[in-house]
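Quick notes on the structure that follows.
Lettering follows sequence order; numbering is per chain, from 1.
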There are 2 protein chains.
Amino acid sequence: MTEKKKITLKDIARELGISISTASRALKEHPDIADDTIKTVKAFAEKHHYVPNILAVNFRKSRTYNLGLIVPELVHHFFSTVISGAIDTAKKHGYNILVSQSNDILSDETVACRTMLASSVDGLLISISNETLEAAHLTNFIEEGKPVVQFDKITDHIQSPKVIVDDFEGAYQAVKHLIEQGYKKIAHLRGRREVKNSNERARGYQQALIDHNMETSENWIKDCMAINEEEGYNFCKELLSGDNPPDAIFCITDLVAFGVLKYLKEEKIAVPHQIGVIGFSNWKLAEIVSPGLSSVDQHGYEMGEIATLKLIELIKNNELDNQEVIELKTNLIIRESTANKIEKPLTIG
Amino acid sequence: MTEKKKITLKDIARELGISISTASRALKEHPDIADDTIKTVKAFAEKHHYVPNILAVNFRKSRTYNLGLIVPELVHHFFSTVISGAIDTAKKHGYNILVSQSNDILSDETVACRTMLASSVDGLLISISNETLEAAHLTNFIEEGKPVVQFDKITDHIQSPKVIVDDFEGAYQAVKHLIEQGYKKIAHLRGRREVKNSNERARGYQQALIDHNMETSENWIKDCMAINEEEGYNFCKELLSGDNPPDAIFCITDLVAFGVLKYLKEEKIAVPHQIGVIGFSNWKLAEIVSPGLSSVDQHGYEMGEIATLKLIELIKNNELDNQEVIELKTNLIIRESTANKIEKPLTIG
DNA sequence: CTGTTAGCGCCTTCAT
DNA sequence: ATGAAGGCGCTAACAG
């Protein structure tokens with residue numbers, strides 16, 4: 001192995017018979033330095049592949065150009081999409097992204113935060129876990145002068161900018177769409193009561209029903225805890241075996257909706273003709289399954305972009321008390337699973 | 001904002017009337033230091049929330065405890081699973097993971113490598129892009145004394161350990177399974193000719209056919225380029241409209257298989273009774289779709305774990321010439337899409 | 001057992 | 001226009 005020994009400013013200075021500070025300044029084209037000197041130094045640096053020792057620079061400037069990013073789950077279409085947007089944006093601005101996951105466990109999240117802080121990221125992007133009810137581990141960042149930007153799953157226990165999706169409106173539109181398609185008895189498989197997004201979506205669901213004078217029933221609302229396919233499957237079964245069963249189901253997320261679709265398929269209950277189904281998040285597979293699942297797109301990539309831009313801005317301005325809330329609009333994606341229940345089947349979505 | 005000013009070794013030394021080096025040594029319980037001193041220093045440090053300045057430590061030791069990780073695509077079930085394993089493992093060993101994506105574009109990959117190198121990761125985990133045919137950007141790492149570990153999509157142009165899946169064997173088992181289920185004319189939607197994994201899978205496909213004296217046909221092999229659902233859809237159509245159409249299709253990856261399933265569903269061709277379909281990678285949705293898609297599991301999480309462990313080991317031992325190949329066995333996951341074609345239909349399809 | 005010293009590579013006053 | 005010097009915080013070799 002030919003390990004190139006890295007050349008330093010000192011080497012340049014020695015070889016060129018100038019001082020280290022001149023070399024340093026020449027490389028950054030400091031106005032005080034003579035053009036000739038600049039040219040010479042730059043040429044020499046180029047020739048010998050001089051690269052500033054980033055560790056020294058970081059040390060000197062106390063910053064790393066690394067941003068921390070914590071999500072509940074990495075293997076998750078929405079979050080990986082956000083991460084993708086964050087990484088691409090960070091790269092454009094000369095930052096790296098350090099990724100970690102909380103597995104929706106508070107202690108894991110706390111550890112991740114500690115690690116991030118210890119490895120000295122310049123700021124933090126976080127979507128909190130379901131268990132996160134207070135935010136001491138987050139205020140730690142602020143106290144160290146490192147800005148935090150929250151996205152999607154947020155808490156109000158910490159002052160920070162927040163990038164979220166208008167969950168209320170997204171849910172409202174989804175349910176309104178079901179109503180317009182002629183569904184009369186709309187159920188909701190909702191998320192946890194402690195999670196803001198879930199509550200907002202449930203609120204949107206309820207408001208849409210009220211605004212359109214639709215029948216409502218407590219029996220049509222089921223609380224998902226694990227938010228997975230199985231729950232969708234089981235709750236669907238439960239809903240349909242009760243008396244006065246619903247004829248449409250709005251699910252907290254696509255994964256739950258897939259479970260619903262699975263049950264319906266097994267029972268040979270026609271979608272969308274007997275029952276309409278709509279999800280939330282617009283997972284990739286929503287367009288792959290048959291029937292295509294209608295869903296509410298959350299613009300994950302843009303969320304990652306915007307949150308990252310915001311964080312970089314805060315870092316540059318050394319802002320720590322920003323509380324701006326950036327709310328992205330959702331986008332209703334209509335596919336077969338909610339096609340007008342009266343009409344004949346559509347071909348596609 | 002109450003920005004705590006960070007306390008340093010110097011502060012401890014001054015306050016306690018000892019030297020900086022004693023303070024430093026006491027904190028690491030150096031055997032030379034008196035127990036009393038250690039106790040005093042530790043207590044003081046604790047009380048004042050002393051945290052070593054990681055930037056200074058890194059600078060001093062020329063290492064960051066950060067590992068670079070580059071994949072073609074982040075929003076991809078297999079890769080995000082690998083990343084998940086890598087992150088969890090890294091965390092256990094005190095390392096962070098810096099994630100980047102190449103979008104399967106060589107220039108992006110090169111830039112990502114440069115950035116990683118510039119931000120001074122201690123080592124690199126990489127799954128190369130489809131375009132990567134030589135590896136100058138990778139040997140840069142080795143030249144700087146930073147080990148590289150390749151996984152899944154690899155090149156032999158660089159000496160490094162490689163963690164791969166036995167693509168040949170996985171494909172062989174998949175096709176053997178189809179044969180055992182009674183399928184007679186097995187087609188293969190293969191991947192690109194430049195990509196090693198694709199070739200291995202195609203080789204496994206062919207060998208299985210030969211070993212079992214099965215009919216073969218060049219017309220049953222189609223080259224996917226984009227490796228997406230659409231290609232699956234279109235090639236399936238093409239295969240079935242030719243004369244002597246196949247009665248089973250082995251797909252380079254699940255996504256392509258989903259396209260195949262979509263076409264078959266649209267055409268009301270029964271799966272698995274008229275046609276058997278098997279994928280590769282065992283995406284989450286393989287178990288969600290109906291009929292469930294048989295697939296070959298690649299153990300992504302384990303791959304991430306193992307590659308990361310290997311990299312950490314190389315870093316610790318300062319090994320740069322390791323060429324070990326760690327080959328994981330795949331796991332055939334049988335679902336409805338390949339159920340015996342002779343038996344009566346399952347519940348769904 | 002503890003202190004002194006030197007230095008990692010870079011940046012930045014301050015002086016000339 | 002350039003150089004000298006100090007220091008960021010920590011570690012480690014060398015003295016006592």
Please list, in 5' to 3' order, the outermost nucleotides of DNA chain C lying under 4.0 Å from any heavy atom of chain B.
-> dC1(C) to dG9(C)
Touch check for Leu55(B), heavy atoms < 4.0 angstrom, all strands: base, sugar-phosphate only, or nothing?
-> nothing
Under the ring-ring contact (aromatic ring centres under 6.0 Å, His included) test, residues paired with Phe79(A) that sit two or more places apart | His76(A)
Sequence-distant partners of Tyr301(A), ring-ring contact (aromatic ring centres under 6.0 Å, His included), two or more places apart | none
Which residue pairs satisfy the salt bridge (charged side-chain N to carboxylate O under 4.0 Å, His left out) criterion with at least one member in residues 108-127 of chain B, sequence neighbours excluded?
-> none
Within residues 57-66 of chain B, residues whose heavy atoms come under 4.0 Å of DNA chain C = Phe59(B), Arg60(B)
Could you tell me whether the side chains of Ser119(A) and Asn96(B) share a donor-acceptor contact shorter than 3.5 Å?
-> yes
Nearest-nucleotide 5' precedence on DNA chain C, Ala56(B) against Thr22(B) = Thr22(B)
Got a sec, which pairs hit salt bridge (charged side-chain N to carboxylate O under 4.0 Å, His left out) with one end in residues 75-104 of chain B, sequence neighbours left out?
-> Asp104(B)-Lys153(B)
Using a cut-off of under 3.5 Å, enumerate the N/O to N/O pairs linking the protein to nucleotides 13-16 of chain D.
unit_1: dA13(D); atom_1: N6; unit_2: Arg25(B); atom_2: NH1; d: 3.2

Contacts of Ser19(A) and Thr8(B) projected onto DNA chain D by closest heavy atom; the upstream (5') one is Ser19(A)
Whole-Å distance between dA12(D) C1' and Leu27(B) CG?
-> 16 Å
Using a cut-off of strictly less than 4.0 Å, decide whether Ser24(B) has a side-chain nitrogen or oxygen near OP1 or OP2 of dA12(D).
-> no
Hey, does the side chain of Lys10(B) come within less than 4.0 Å of dG7(D)'s phosphate (OP1/OP2), counting only N and O?
-> no
What ring pair (Phe, Tyr, Trp, His ring centres under 6.0 Å) pairs are there with at least one residue in residues 88-109 of chain A, not counting sequence neighbours?
-> Tyr65(A)-Tyr95(A)
Look at the side-chain N and O atoms of Lys6(B) and state whether any lies under 4.0 Å from the OP1 or OP2 oxygen of dG9(D).
-> no
Can you tell me the distance, in whole Å, between the CD1 atom of Ile33(B) and the C1' atom of dA12(D)?
-> 12 Å
Among all residues two or more places apart in sequence or in another chain, which pass the side-chain contact (heavy atoms from CB on, under 4.5 Å) test with Ser19(A)?
-> Ser21(A), Thr22(A)
Listed pairs under 3.5 Å, donor-acceptor, residues 38-47 of chain A side chains, sequence neighbours left out:
unit_1: Thr40(A); atom_1: OG1; unit_2: Asp36(A); atom_2: O; d: 2.6
unit_1: Lys42(A); atom_1: NZ; unit_2: Glu29(A); atom_2: OE2; d: 2.5

Hey, which sits more toward the 5' end of DNA chain C by its nearest nucleotide, Ala23(B) or Asn53(A)?
-> Ala23(B)
Listed by chain and number, what are the ring-ring contact (aromatic ring centres under 6.0 Å, His included) partners of Phe141(B), not counting sequence neighbours?
-> none
Which pairs count as salt bridge (charged side-chain N to carboxylate O under 4.0 Å, His left out) when at least one residue sits in residues 303-316 of chain B, sequence neighbours excluded?
-> Lys310(B)-Glu313(B), Lys310(B)-Glu324(B)
When rounded to the nearest 0.5 angstrom, what is the spacing between CD1 in Ile128(B) and CG in Leu106(B)?
-> 9.5 Å
